[in-house]
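Worksheet: one structure, shown below.
Computed from heavy atoms alone, side chains included, the values below leave out hydrogens, waters and symmetry copies.
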Amino acid sequence: MMPDEFPVLILAAVLDYSIGDPWGWPHPVQAMGWAIDRYTRLVFNIWNNPPGKMPEAADRPAGDRHKLLLRCAGTILAIGLIVGSYTVSWSIVQAASWVHPLLGIAIQTILLASCFAGRSLRAAAEDVLAPLNVGDLVKARERLSLYVGRDTENLSEPEILRALLETVTENAVDGVTAPLFYALLGFALPHLLLSVTAGPIDPNSMWASAIVPLAIAYKAASTLDSTIGYKEAPYTDLGWFSAKLEDVLTWVPCRLTVITLALISGKPIYIWQICQRDAVKDASPNSGWSECVYAAILGVQLGGTNSYRGVLKHKPLLGEPVHPITAPLICQALQLTRYCFLIWLGLSLLFYTFLGLSR
């Protein structure tokens, strides 16, 4: 990416904050979801293995072979979709820039803004809180069911608030800060390459303009994880690689998010201690940390028993129940995410300014 393209980051942030993803508009995730769905159907049809149908336990060699084949197919899907998303988005940006530089900037801004879910998280919270604030639990449960996987039919008001705060805090990383992290990595990539190569980088190479492609590629990894990255059948093996890869790609931005939020809380040592105590109990290497840092800062407790399709599952308790979860605290969690986003953006602006002064 050339330094003059840095304003795309600012424009995309403004676009996401002001408009977000308008309902009904085309979105890159829709194309990714379509590709994943078609591929998974093809895989299951080839092996004549409809969802939920697995080889008998007694047929151990066939079962092991089936497992290996599905893992290989899932690995091909993940690598293909991520590399393909990078290549297609880069090609779209290059074609638009060839038509006119302003069109290139506009396309980059729209594509990058589609990777950020800050406005979408805020809209989801408001959508659930609106009926809840007037005491309409039935409507609040219906709205909440659009955003969470747990059963919502019998949730009480405190349980609705906990579920909403958990989805807001869990998605803060993979929906907001992680895409920004990879966009910033795309901004820094040409300059990192310059430091290790002798000659200049071709401005038309796939690495010279990586801000949008890297963010889109991460979005592909995140979409794969949310679509097929389950431990339950039929995606246990097909989604195995996608789940592991998303964990790896999210690990660094998740820890940077935790550190940033801990610092701006004014009590970083306490926050880090709570995260080290509770977040490690979560099966996910990232969502537990993401939820726990917000819980520690807000003085609430997340986790507990949830129902999924009638099956009760217990998640580890995160944080101390100093305060009950309330609507204002959910709004405060959203504000913390915006602060983290703006801090990272501000630091990148300083880097951009330094580059301009050094030229």
Side-chain angles (χ1 to χ4, degrees), residues 6 9-10 12-14 16-17 115-119 121-122 125 165-188 191-192 214-215 218 222 247-282 284-303 316-323 325-326 328-355:
F6 180 84
L9 278 167
I10 306 298
V14 172
D16 176 65
Y17 181 81
C115 296
F116 301 146
R119 176 62 183 261
L121 284 179
R122 189 165 80 249
L165 183 57
E166 285 175 353
T167 194
V168 164
T169 56
E170 179 181 358
N171 289 288
V173 172
D174 57 13
V176 181
T177 58
L180 177 61
F181 170 82
Y182 282 99
L184 295 177
L185 183 61
F187 167 68
H191 311 289
L192 294 175
L214 270 184
Y218 174 79
S222 179
D247 285 343
V248 172
L249 294 177
T250 307
W251 197 92
V252 171
C254 179
R255 283 359 181 240
L256 291 176
T257 301
V258 170
I259 292 172
T260 304
L261 293 176
L263 289 173
I264 65 178
S265 73
K267 42 185 180 182
I269 296 178
Y270 168 77
I271 300 300
W272 188 256
Q273 289 174 339
I274 293 295
C275 288
Q276 284 190 313
R277 185 194 71 185
D278 295 342
V280 294
K281 301 174 186 176
D282 196 282
S284 168
N286 297 311
S287 63
W289 283 83
S290 179
E291 292 181 28
C292 190
V293 67
Y294 285 91
I297 293 173
L298 299 174
V300 299
Q301 189 171 72
L302 299 177
L317 298 176
L318 307 174
E320 296 288 346
V322 179
H323 308 294
I325 301 175
T326 60
L329 285 181
I330 293 175
C331 295
Q332 187 176 344
L334 291 167
Q335 188 67 41
L336 286 170
T337 303
R338 286 195 291 271
Y339 286 156
C340 183
F341 187 94
L342 291 173
I343 288 172
W344 289 13
L345 206 57
L347 291 175
S348 64
L349 179 60
L350 291 177
F351 179 60
Y352 168 69
T353 303
F354 172 77
L355 287 177

- [ ] Please check if the side chain of Ser287 supplies one atom and the backbone of Ser284 the other of a donor-acceptor pair under 3.5 Å.
- [x] no

Open item on the list: Can you give me the closest heavy-atom contact between Ser348 and Phe187, atom names plus distance?
Closed with: O-CE2, 4.3 Å

Task: Straight-line distance of Ile259 CD1 to Cys340 SG, nearest 0.5 Å - done: 10.5 Å

Task: salt bridge (charged side-chain N to carboxylate O under 4.0 Å, His left out) partners of Lys267, counting only residues at least two apart - done: none

Task: Rounded distance [0.5 Å steps], CG in Leu9 versus CG in Leu180 - done: 7.0 Å

Open item on the list: Donor-acceptor pair, distance only, cut-off 3.5 Å: does the side chain of Thr250 make one with the backbone of Asp247?
Closed with: no

Open item on the list: Could you check whether any side-chain heavy atom of Leu336 comes within less than 4.5 Å of a side-chain heavy atom of Leu298, counting everything from C-beta outward?
Closed with: yes

Open item on the list: So does Tyr17 get a backbone contact from the side chain of Arg122, meaning a donor-acceptor N/O pair under 3.5 Å?
Closed with: yes

TODO: Mind checking salt bridge (charged side-chain N to carboxylate O under 4.0 Å, His left out) for Arg277 and listing every partner two or more places apart, or none if nothing turns up?
DONE: Glu320

- [ ] Give the intermediate values and the outcome of side chain to side chain contact (heavy atoms under 4.5 Å, CB included) for residues Leu317 and Leu302.
- [x] CA-CA 6 Å; Leu317 298 176; Leu302 299 177; over 6 Å; no

Open item on the list: Restricting to side chain to side chain donor-acceptor pair (under 3.5 Å), what partner residues turn up for Thr177, sequence neighbours left out?
Closed with: Thr257

Open item on the list: Just verifying a value: how many Å separate Gln335 CD and Thr337 OG1, rounded to the nearest 0.5 Å?
Closed with: 9.0 Å

- [ ] Not counting sequence neighbours, which residues clear side chain to side chain donor-acceptor pair (under 3.5 Å) with Asp282? List them please.
- [x] none

- [ ] Scan for salt bridge (charged side-chain N to carboxylate O under 4.0 Å, His left out) pairs involving residues 286-301, sequence neighbours excluded, and state none if there are none.
- [x] Glu291-Lys315

TODO: Given side chain to side chain contact (heavy atoms under 4.5 Å, CB included), test Val300 with Val322 step by step and report yes or no.
DONE: CA-CA 6 Å; Val300 299; Val322 179; over 6 Å; no

Task: Which residues share a salt bridge (charged side-chain N to carboxylate O under 4.0 Å, His left out) with Asp174, sequence neighbours left out - done: none

- [ ] Can you measure from SG (Cys275) to OH (Tyr270) and round to the nearest 0.5 angstrom?
- [x] 10.0 Å

- [ ] Measure from the side-chain N and O atoms of Glu170 to the backbone N and O of Ser290, and report whether any donor-acceptor pair falls under 3.5 Å.
- [x] no

Open item on the list: Could you tell me if the side chain of Ile343 sits less than 4.5 Å from the side chain of Leu263, heavy atoms only?
Closed with: no

Open item on the list: Can you tell me how the ring of Phe341 sits relative to the ring of Phe116, calling it parallel under 30°, perpendicular over 60° and tilted otherwise?
Closed with: perpendicular

TODO: Would you check, one step at a time, whether the test side chain to side chain donor-acceptor pair (under 3.5 Å) holds for Tyr339 with Thr260?
DONE: CA-CA 9 Å; Tyr339 286 156; Thr260 304; over 6 Å; no

TODO: Check for a donor-acceptor pair, side chain of Thr169 on one end and backbone N or O of Leu165 on the other, with a separation under 3.5 Å.
DONE: yes

Open item on the list: Can you tell me how far apart CG (Leu345) and CD1 (Ile10) are? Round to the nearest 0.5 Å.
Closed with: 4.0 Å

Task: Nearest heavy atoms of Val176 and Ala117, plus distance in Å - done: CG2-C, 4.0 Å

Open item on the list: Apply side chain to side chain contact (heavy atoms under 4.5 Å, CB included) to residues Asn286 and Val173 and explain how you reach the verdict.
Closed with: CA-CA 9 Å; Asn286 297 311; Val173 172; 5.9 Å; no

Open item on the list: How close do Ala295 and Gly319 get, counting heavy atoms only, and between which atoms?
Closed with: CB-CA, 4.3 Å

Open item on the list: Rounded to the nearest 0.5 Å, what separates atom CD1 in Ile325 from atom CD in Gln301?
Closed with: 8.5 Å

Open item on the list: Donor-acceptor pair, distance only, cut-off 3.5 Å: does the side chain of Asp16 make one with the backbone of Ala12?
Closed with: no

Task: Atom of Pro179, atom of Ala215 and distance for their closest heavy-atom approach - done: O-CB, 3.9 Å

- [ ] Take Tyr294 and Leu318, measure what side chain to side chain contact (heavy atoms under 4.5 Å, CB included) needs, and give me the verdict at the end.
- [x] CA-CA 9 Å; Tyr294 285 91; Leu318 307 174; over 6 Å; no

Task: Contact summary for Val168 and Ala333, nearest pair of heavy atoms - done: CG1-CB, 4.5 Å

Open item on the list: Taking the six-membered ring for Trp, are Trp289 and Trp272 closer than 6.0 Å centroid to centroid?
Closed with: yes

